[in-house]
There are 2 protein chains.
Amino acid sequence: MDERKKKVLLAIVKDFISTAEPVGSRTIARKYQLGVSPATIRNEMADLEEMGYIEQPHTSAGRVPSDSGYRYYVDCLMEKQTLGEAEKEYIRQRFSKRIREIQDVINVSAELLSEMSNYTSLIMGPYQKSERIKQVALLPLATDKALLVAVSQSNAVSNYLLDIPPSLTEADLERITRVWNSRLKGVAMAEIGKEVLDDIYQELYAYRKVIQAIVDVLLGDGDQSAGGHISLSGALNIFNQPEFKDLDKVRGILELLESPDVIREILANSPETGLSIKIGGENQVEGINECSVVTATYVVDGELMGHIGILGPTRMDYAKTVTLVETMAQQLREVLSKLYE
Amino acid sequence: MDERKKKVLLAIVKDFISTAEPVGSRTIARKYQLGVSPATIRNEMADLEEMGYIEQPHTSAGRVPSDSGYRYYVDCLMEKQTLGEAEKEYIRQRFSKRIREIQDVINVSAELLSEMSNYTSLIMGPYQKSERIKQVALLPLATDKALLVAVSQSNAVSNYLLDIPPSLTEADLERITRVWNSRLKGVAMAEIGKEVLDDIYQELYAYRKVIQAIVDVLLGDGDQSAGGHISLSGALNIFNQPEFKDLDKVRGILELLESPDVIREILANSPETGLSIKIGGENQVEGINECSVVTATYVVDGELMGHIGILGPTRMDYAKTVTLVETMAQQLREVLSKLYE
DNA sequence: ATTAGCACTCAATCCGATAGAGTGCTAACA
DNA sequence: TGTTAGCACTCTATCGGATTGAGTGCTAAT
């Protein structure tokens with residue numbers, strides 16, 4: 001892979017990303033100064049095609065990057081980009097209001113990501129398990145039902161209806177709450193292990209069933225199945241992409257995005273740390289083989305809180321998308337840390 | 001409007017609803033036994049067109065019902081329909097589980113409506129204002145923040161973050177809660193008028209600011225702007241409609257449906273009681289002039305709780321849709337009444 | 001009043017010609 | 001040996017014209 005081939009590949013990828021049209025040798029020679037004639041470029045292109053980096057939709061069309069072409073671009077050719085001052089200012093401004101609980105932060109982030117990228121943004125989290133309990137309360141609703149209210153460090157509130165033995169009085173509930181709060185304030189959900197519980201059991205042996213129910217509900221899939229809340233924004237941006245001018249394709253994608261489980265799967269197999277870029281067929285999830293996904297995680301206090309990502313066509317503006325995802329993950333870390341202090 | 005014209009119009013509407021193709025005189029003569037020749041039907045059709053009930057996409061095409069044509073069909077020609085036993089059973093079965101709080105009921109209803117109609121279902125409610133308060137609680141989160149938890153008669157839980165004066169102690173909060181619950185249990189939100197409040201103010205004069213904040217948040221747009229929660233299901237069903245095989249049309253509708261406010265507007269101007277059918281241009285909302293909306297309200301205990309509706313193309317199966325909406329509104333009334341007892 | 005017959009209209013479909021973009025190959029050139 | 005100009009070739013997209021077929025409106029006969 002000599003220098004000139006790289007330049008040609010870079011030109012093809014860039015041009016195709018911005019025009020969505022197969023790019024020919026003449027175009028490259030004209031728009032990108034390589035100092036060689038179209039014929040030479042054609043030779044290089046033939047080589048690149050043989051290497052699998054580009055392909056031809058049909059004999060007399062220009063070349064289009066293949067998945068591996070994009071991969072090579074992303075790994076070796078792409079120049080880092082940084083957000084403009086105006087964009088940074090816009091982000092700051094959007095984060096400057098309405099931030100009381102974590103869900104506000106998540107929603108704003110999702111909107112920002114999709115607005116600024118023109119693709120679809122996905123955010124998963126915060127994960128119940130990495131949250132610290134700030135407070136719980138049990139409100140009696142009926143003789144056999146109570147409402148469990150759990151507030152996390154980040155002011156996320158969860159409610160669960162609990163079935164309780166009718167014998168429990170209001171005073172009982174208050175006592176459970178009092179003990180629980182005194183022992184478990186600030187403890188991460190995941191750490192509510194047996195040791196901690198034993199402590200409480202000792203004191204509240206009579207109520208062990210209720211305690212167990214509370215633990216189950218807090219740890220388990222009380223709210224959502226594994227993976228926390230899903231926010232999605234800009235799903236309809238896919239209508240902007242010329243490669244999705246086909247009704248069935250659009251429908252397929254939109255149907256996938258309707259399922260939180262699919263979104264969890266899309267986001268889930270990205271690494272714990274750093275950025276992940278999945279290009280076209282690299283995606284495990286069936287049905288988004290013409291899409292790429294850029295994901296990152298956000299971490300607070302050393303705990304993995306969730307994943308964020310952008311989904312767009314394989315012909316996405318990787319440089320910009322990567323910058324956006326990175327910036328936003330960073331923003332999330334900062335804003336959430338403040339919220340947690 | 002003689003008898004035969006009605007028959008011809010009915011045939012046109014029915015045929016177009018089921019085939020989505022303009023219907024010609026020959027088709028009518030063949031498929032619907034009117035005992036007359038195509039030529040006669042053509043004459044009737046010319047008359048019907050002059051009356052504005054049908055129109056021609058172009059000279060050599062068949063006829064298509066106009067908005068007024070559908071209107072006449074709905075008002076005068078449509079035969080009532082009733083759900084099959086299998087369908088009723090399916091509804092019963094879907095309602096037989098997971099019903100603990102009102103939102104469960106709403107979600108199941110929305111899914112059922114869209115599944116069974118193949119159109120898009122919209123549900124608004126329950127309205128905060130018609131809910132009765134079962135219980136409130138104030139949990140201290142920080143020195144200047146408290147969580148207000150309000151549980152309604154139907155076990156709907158709402159959470160609000162309140163800013164409170166740092167001077168308030170935990171005991172203060174408990175006292176407010178106790179007085180509030182003893183005075184206002186079972187009172188409808190809308191009835192928290194000045195008289196009731198005066199009563200509380202008297203007892204808790206020192207806390208009047210907090211009380212006022214609570215009232216504001218419960219009554220006002222604490223949660224959503226006027227109109228309660230919005231559930232939507234089956235938005236992608238419009239991909240099934242041949243008249244929406246155009247990307248831009250689909251996009252337009254889907255964009256509208258992304259906005260809760262638009263949905264509120266669509267549902268809002270339907271009458272307090274009974275069924276409403278808005279056909280095409282009869283809809284006030286810009287952008288759904290090629291759609292029809294069938295709506296009804298659900299009422300519990302004499303209180304208007306919310307609106308439900310189905311949105312589909314003007315060429316919708318009105319008979320079936322009406323039956324579905326009516327059935328579901330009835331179901332909602334029943335299930336919710338049980339939930340409230 | 002109804003109907004058969006017929007001329008007419010118009011969208012949709014198919015077909016062939018054309019234009020244009022782009023390639024690969026060959027031969028010439030530095 | 002690498003580069004380039006030239007050229008024949010391929011394939012898609014587009015456009016116009018002919019054809020088809022469904023359906024109408026009108027007229028004249030029943």
Side-chain angles (χ1 to χ4, degrees), chain A residues 1-9 11-16 18-66 69 242-243 245-247, chain B residues 1-9 11-16 18-66 69 242-243 245-246 315:
Chain A
M1 192 72 170
D2 61 46
E3 214 45 47
R4 198 171 58 191
K5 278 195 181 46
K6 286 185 187 174
K7 278 189 185 158
V8 172
L9 178 56
I12 294 176
V13 172
K14 272 190 172 174
D15 207 76
F16 186 66
S18 68
T19 67
E21 297 290 336
V23 7
S25 53
R26 251 175 69 87
T27 314
I28 294 180
R30 218 175 340 103
K31 291 214 289 193
Y32 306 80
Q33 273 72 26
L34 300 198
V36 290
S37 77
T40 311
I41 294 176
R42 276 203 290 282
N43 288 331
E44 299 288 26
M45 285 163 89
D47 292 350
L48 284 169
E49 182 160 11
E50 201 165 347
M51 298 186 211
Y53 291 134
I54 57 179
E55 40 199 38
Q56 262 180 310
H58 54 84
T59 333
S60 74
R63 301 307 213 291
V64 160
S66 67
E243 48 266 74
K245 63 186 184 334
D246 178 42
L247 265 190
Chain B
M1 194 71 170
D2 62 44
E3 214 45 47
R4 197 170 60 192
K5 278 197 181 44
K6 287 184 187 174
K7 278 187 185 160
V8 173
L9 179 55
I12 293 176
V13 173
K14 274 189 170 175
D15 208 76
F16 186 65
S18 67
T19 66
E21 297 290 336
V23 9
S25 52
R26 251 176 68 89
T27 314
I28 294 180
R30 216 176 341 104
K31 291 216 288 194
Y32 305 81
Q33 273 71 27
L34 301 197
V36 290
S37 76
T40 311
I41 292 176
R42 276 203 291 280
N43 289 330
E44 299 288 26
M45 284 162 91
D47 293 350
L48 284 170
E49 183 160 11
E50 200 165 351
M51 296 187 214
Y53 291 134
I54 57 179
E55 39 200 37
Q56 261 181 310
H58 55 85
T59 332
S60 75
R63 299 310 211 290
V64 160
S66 66
E243 47 267 74
K245 65 186 180 339
D246 178 43
R315 185 189 62 78

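Order of the sequence lines sets the chain letters (A, B, ...), proteins ahead of strands, with each chain counted from 1.
Of the side-chain N and O atoms in A:R42, none sit less than 4.0 angstrom from OP1 or OP2 of D:dT3. Side-chain N/O atoms of A:R4 include one lying less than 4.0 angstrom from OP1 or OP2 on D:dT3. Contact annotation: B:T59 does not reach the phosphate of C:dC8 (side-chain N/O to OP1 or OP2, under 4.0 Å). One finds no side-chain N or O of A:T40 lying less than 4.0 angstrom from the OP1 or OP2 phosphate oxygen of D:dT3.
Whole-Å rounding puts the A:H58 NE2 to C:dG24 C1' distance at 16 Å. Atom-to-atom, CD1 of A:I41 to P of D:dT4 comes out at 9 Å; the value is rounded to the nearest Å. A:N43 places its CG atom 11 Å from the P atom of D:dG2, with the value rounded to the nearest Å. When the C1' atom of D:dG25 is taken as reference, atom CZ of B:R63 falls 9 Å away, rounded to whole Å. A:M45 has its CE atom 9 Å from the C1' atom of C:dT23, to the nearest Å. Per the geometry, CD belonging to A:Q56 stands 10 Å off C1' belonging to D:dT10, to the nearest Å. For the pair A:D47 CG and D:dG2 C1', the computed distance is 13 Å after rounding to whole Å. For B:K245 and C:dA12, the NZ to P distance is 9 Å, given to the nearest whole Å.
A donor-acceptor pair is defined here as one N or O able to donate and one able to accept, closer than 3.5 Å; no such pair exists between the side chain of B:S25 and the backbone of B:A39.
Every residue two or more places apart in sequence or in another chain that forms a side-chain contact (heavy atoms from CB on, under 4.5 Å) with A:Q56 is listed here: A:E49, A:R63.
The only option from A:L34, A:I12, A:I41 that meets the side-chain contact (heavy atoms from CB on, under 4.5 Å) definition with A:K7 turns out to be A:L34.
Between B:L48 atom CG and B:N43 atom CG the span is 11.0 Å, to the nearest 0.5 Å.
Donor-acceptor pairing under 3.5 Å, judged by distance alone, is absent between the side chain of B:R26 and the base of D:dG23. At a cut-off of 3.5 angstrom, counting only N and O atoms as typed in the model, there is a donor on one side and an acceptor on the other between the side-chain of A:S60 and the base of D:dC11.
Checking C:dG22, C:dT23, C:dA4 against the side-chain heavy atoms of B:A39 singles out C:dA4 as nearest.
Listed by first and then second residue, the salt bridge (charged side-chain N to carboxylate O under 4.0 Å, His left out) pairs that reach into residues 22-39 of chain A are A:D15-A:K31, sequence neighbours excluded.
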